[in-house]
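Take a look at the structure below.
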There are 2 protein chains.
Amino acid sequence: MKMDPRTLLDAALKVFAREGLEGASLRAIAREAGCDPSLIYYHFENKEAMFAALLEERIPPLVADLRHLANPLDPRSTAEKLWTAMQLFHTHLHDSAGFRSMVRGQIVRGVETLPELLAKKLLPANLAMQAIVRRGLRRGELRPGLHPLLVIMFLLRMEAEILDLVPVFAQRAVGMPPERALPLAERTWFEVFWRGVATRPLDPLPFLPDPELP
Amino acid sequence: MKMDPRTLLDAALKVFAREGLEGASLRAIAREAGCDPSLIYYHFENKEAMFAALLEERIPPLVADLRHLANPLDPRSTAEKLWTAMQLFHTHLHDSAGFRSMVRGQIVRGVETLPELLAKKLLPANLAMQAIVRRGLRRGELRPGLHPLLVIMFLLRMEAEILDLVPVFAQRAVGMPPERALPLAERTWFEVFWRGVATRPLDPLPFLPDPELP
DNA sequence: TCCATAATTCAACAAGCGTTGAAAAAGGAT
DNA sequence: ATCCTTTTTCAACGCTTGTTGAATTATGGA
């Protein structure tokens, strides 16, 4: 019947997103894919290798897009670049709740093998983000004195938080379906963030999408 | 030798903070307390009951303080109230990394018995925070149109994030010992947040502590 | 000192985990 | 059909987990 490794990865992604890296059991992944757990070991070295494969699909394209964005010749404003960076994280990682929770959880817990690999892979993304922020500081678009790392942490951690929590909270708390609440939360967050870090917080942000869209 | 349940709770707190609710094993807690795992069942009904006991110690005082703060007769500005609210979460929950990760993790995962109890306990805290935000909106201190729940989520989730991540990142990324990096990050975050949500973002915030303190 | 009760440990359970080696099934070429 | 190789399943190992009932030790009052 020849199982496509793709199917296994898709199943794994589903389970990782629900349960996180440690919470996702091979048996659950196998159940999701409709096969025996041991079959996974025929196609992948082990569970972490599956996760690494999923990251490998997502991180390089994200890094490439971020590098493009950080190019100083790109004439867009720092505001628009940061907004776009946030959207890039959304489009590349929105289905990787397992990834997000792991990055966060494992960083707090200590250094193991996977986060180290992860840190290496994500370093270029971090550098690209820093380049954008430093350029914004030099050009006077960002308030002087802000620590670039804190700026990046604020923007991206909250975006991850929104991706995780808003779909759950939306219906019961805001009374909105997630597909409307998510763009609203992201837009609101970026406005708050940008006013917070900008030298001229009251300048309009014409690149933001219309919040009144149906 | 009569083991004080207090000692068990302290040991549990340590392990919960390191490993989270699911990651913390009874055997690890028992090791930390220097006793047999089964002894825990003599003093507590089960693991979740231990966790609930820890919450029981912390949430009511937090709620009481927040209620005081939300009192409309308290003449302080909305900015100072929100800053104080953030500090209250810090002082009451800074040692409860397990609590923070659980609230976040379990909310995403779905509703089980403990989070439901938790939601009930935290509802008054949520209402007090909402009261502060709505009062700020009425008085024109907060930008009109902001969703109160998003405002609260932004402020407190990032505070939790800072408590979790800054102690880890401080040394290696910002080059500071945590005891200096943490106040800096909190202060910076609140400035960003307040400029983001305030009607007059450029007004000074005289109640903030001096960032240049030794 | 004896004894009832409280406090603690021991040993084991069932369940779930990641993983493995061998057995079974399926597929393709001759 | 046969043979070889690729793919899949079965059964099990060793480990950790939460939990429990019985056995053991400590404690305090008569």
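Proteins get letters first, then strands, A, B, ... in listed order; numbering begins at 1 in each.
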**Message:** Under 4.0 Å between a side-chain nitrogen and a carboxylate oxygen: does that hold for B:Arg143 and A:Glu191?
**Reply:** yes
**Request:** For B:Asp4 and C:dA6, give me the distance from atom CG to atom P, rounded to whole Å.
**Result:** 18 Å
May I have the list of side-chain donor-acceptor pairs in residues 126-137 of chain A shorter than 3.5 Å, sequence neighbours left out?
unit_1: A:Gln130; atom_1: OE1; unit_2: A:Arg134; atom_2: NH2; d: 2.5
unit_1: A:Arg135; atom_1: NH2; unit_2: A:Asp74; atom_2: O; d: 3.3

**Asked** Salt-bridged, B:Lys14 to B:Asp10, with N to O below 4.0 Å?
**Response** no
**Atom-to-atom span, CD1 of B:Ile29 to C1' of D:dT19 - whole angstrom** = 14 Å
**Asked** For every nucleotide of nucleotides 10-21 of chain C, 5' to 3': is a protein heavy atom under 4.0 Å from its base (B), only from its sugar-phosphate (S), or from neither (-)?
**Response** B-B----BBBB-
**Request:** Look at B:Arg6 together with B:Glu57 and state whether they make a salt bridge at an N to O cut-off of under 4.0 Å.
**Result:** yes
**Prompt:** Hey, is B:Asp95 close enough to B:Arg58 for a salt bridge, meaning N to O under 4.0 Å?
**Reply:** yes
**Request:** Write down the distance between NE2 (B:His43) and P (D:dT19), rounded to a whole number of angstrom.
**Result:** 16 Å
**Request:** Calculate the interatomic distance between B:Met3 atom CE and C:dT9 atom C1'; express it in whole Å.
**Result:** 12 Å
**Message:** Rounded to whole Å, please give me the gap between OH in B:Tyr42 and P in C:dT5.
**Reply:** 12 Å
**Message:** Show every ring-ring contact (aromatic ring centres under 6.0 Å, His included) that has at least one partner inside residues 25-48 of chain B, sequence neighbours left out.
**Reply:** none
**Item:** Euclidean distance, atom CZ of residue A:Phe44 to atom P of D:dT7 [Å, nearest integer]
**Value:** 13 Å
